[in-house]
2 protein chains.
Amino acid sequence: MTTTIRLSWRDVRDEIHEAILSGRYGPGDRLPRDADIAQDLNCARSTVQRAMQDLSDSGLVERRRKGGTRVRSEPVTRATLDIPITRREVEQKGGRYGHQLIRRSTTDAPRSVMATFELTEPHPMLRVEALHLSDGRPYILEDRWISLETVPEVSGVDLTTQSANEWLVLNRPYNRCDLRFYAISANSRVADLLQIETGAALFVVERTTWIDKAPITTVQAITTPGYQLLTRS
Amino acid sequence: MTTTIRLSWRDVRDEIHEAILSGRYGPGDRLPRDADIAQDLNCARSTVQRAMQDLSDSGLVERRRKGGTRVRSEPVTRATLDIPITRREVEQKGGRYGHQLIRRSTTDAPRSVMATFELTEPHPMLRVEALHLSDGRPYILEDRWISLETVPEVSGVDLTTQSANEWLVLNRPYNRCDLRFYAISANSRVADLLQIETGAALFVVERTTWIDKAPITTVQAITTPGYQLLTRS
DNA sequence: TGACAAAATAAGTAACTACATAATATCATT
DNA sequence: AATGATATTATGTAGTTACTTATTTTGTCA
């Protein structure tokens, strides 16, 4: 009597993954069809489908209807990042969170902001500059633009009590989010606000969010020296 | 006669998402059980399950057996990054790719590298410093450590023809990958190699890969001024 | 009351079926 | 040989059933 070991889709995935790693299938090669693999491994096609979906999500494999499944010829490193609310981030690192509203003004979006949102018409916005603090020391300096067309009610919110970052995340969920990472040199104003040397290398995260096609907010978050962003484990 | 509209799991996902966005369910609230939602929306539980899985993946919702599904109380921005082979990246931007091997040596892992790999024993490694070029101009400077225990055959590879980056990606797939982003100031050596001013702010990507528990490689990739990393659209 | 066993619950997984859809291949027609 | 209709094919999606597993609740006994 044969012992029927029930394969989970993870087992199947690992099996296929292993077959690719070991070189049995090289970049660009076509894998057998799901149904055949299912028969080989003695499981249902849906299990193979699930496994393949995962491999496809992680960028190892590409699937096309009728075309079948093939190993990606130009492999990519695919990683997932979690970016928490700044308050949460500070608290998780064991710091005491605080924040300061530096400036708040209402103007039309400048060209740079119009460009990030792909806007062609003038667009009224609330600009908020704020400093996030950890244990009373500067942690992140944010320069934020909020669409007054999409989020008119923000005008009435007291952004000294709750940061714009937190208010938006809790009250204005988004549909689409673009992130951009780069480095800048601290100019005198930034250096002054962050209490660091002018010219220091700073890591910057720019985040732009939309709901459907409507712009919500774009923010440039300038971190303090030594800041590191890690992929989630 | 009732027209039976077949709901896709995406529809269900959007429906639930919408319910959360509109405030019907707030942060921390528990959602109805899958089976009830299925009945409400007149679809199968498996469809709801799929939808919920997606919402859970994207960080909007948390699920626990028996505990049910609840809206994350501390929402996170979750994003996916694709990091291609450097050659591919240069070519995609329309540049002509080139690379130079700067230095190649064999030593035991220094403490910093042992730390990234969580090693306690001395570990023989190949250290490779190389410069990636776009149209003949410096693009990325990489300082790489390769485990000679996990990847002994790299000793015999000519890393002037093919970059270590490319050889590894094509020949040594990994299981686990940690990424780390930060900014540094160019010291005189880096500035010299990248042909930029000393003190320029540079964006750095550090990548460490393993196969199962075995270390493969860790690399510090120092980009040139103006470099930006974007989330995949 | 406290500790531990048993029941209940809600999500997780797998199989199987049926049909949808995208992409390709084939073949007839001009 | 070019064109366009049609068949074929492999993945994608939905439904249903059955069972698993983690977790909490409940209940019993000491």
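Heavy atoms only: backbone and side chains are in, while hydrogens, waters and symmetry mates are out. Here is how names work: the chains are called A, B, and so on, in the same order as the sequence lines, proteins then strands, and each is numbered from 1. Nothing here was measured: the structure is a model prediction, and the numbers come from that model.
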Taking CZ from B/R33 and C1' from C/dA11, how many angstroms apart are they, rounded to a whole number? 11 Å

Heavy atoms within less than 4.0 Å of DNA chain C: which residues of residues 48-57 of chain B have one? Give them sorted by number. B/Q49

Between the side chains of A/D34 and A/R63, is the shortest nitrogen-to-carboxylate-oxygen separation below 4.0 Å, so that they form an ion pair? yes

Nearest whole Å is fine: how far is D/dA10 C1' from A/R45 CZ? 8 Å

Under 3.5 Å, is there a donor on one side chain and an acceptor on the other for B/H123 and B/S147? yes

For B/T209 and B/R176, which I'm curious about, is there any donor-acceptor pair between the side chains at under 3.5 Å? no

Side chains of A/T77 and B/Y174: donor-acceptor distance under 3.5 Å anywhere? yes

Does the side chain of A/E89 come under 3.5 Å of the side chain of A/Y97 through a donor N or O and an acceptor N or O? no

Heavy-atom contacts under 4.0 Å between residues 59-71 of chain B and DNA chain C, which residues? B/R63, B/R64, B/R65, B/K66, B/G68, B/T69

If the threshold is 4.0 Å, N to carboxylate O, is there a salt bridge linking A/R87 and B/E74? yes

D/dT16, OP1 or OP2 - any side-chain N/O from B/S46 closer than 4.0 Å? no

Are B/R30 and B/E62 close enough, and set up right, to give a salt bridge (Lys or Arg N to Asp or Glu O under 4.0 Å), and what steps lead you there? CA-CA 9 Å; B/R30 181 163 167 182; B/E62 267 175 338; over 6 Å; no

Of all the choices, D/dA10, C/dA10, D/dT13, which nucleotide is nearest to the side chain of B/W9 once you look at every atom? D/dT13

Whole angstrom is fine here: how far is it from CG in B/L7 over to P in D/dG12? 21 Å

Across all chains, not counting sequence neighbours, the ring pair (Phe, Tyr, Trp, His ring centres under 6.0 Å) partners of A/W210 are A/F117

Can you tell me the distance, in whole Å, between the CD atom of A/Q39 and the C1' atom of D/dA10? 15 Å

Does the plane of the ring in A/Y139 sit parallel, tilted or perpendicular to the ring in A/Y227? Use 30° and 60° as the thresholds. perpendicular

Mind calculating the distance between CZ (B/R30) and P (D/dT23) to the nearest angstrom? 14 Å

A/L31 CG to D/dA10 P: how many Å, rounded? 13 Å

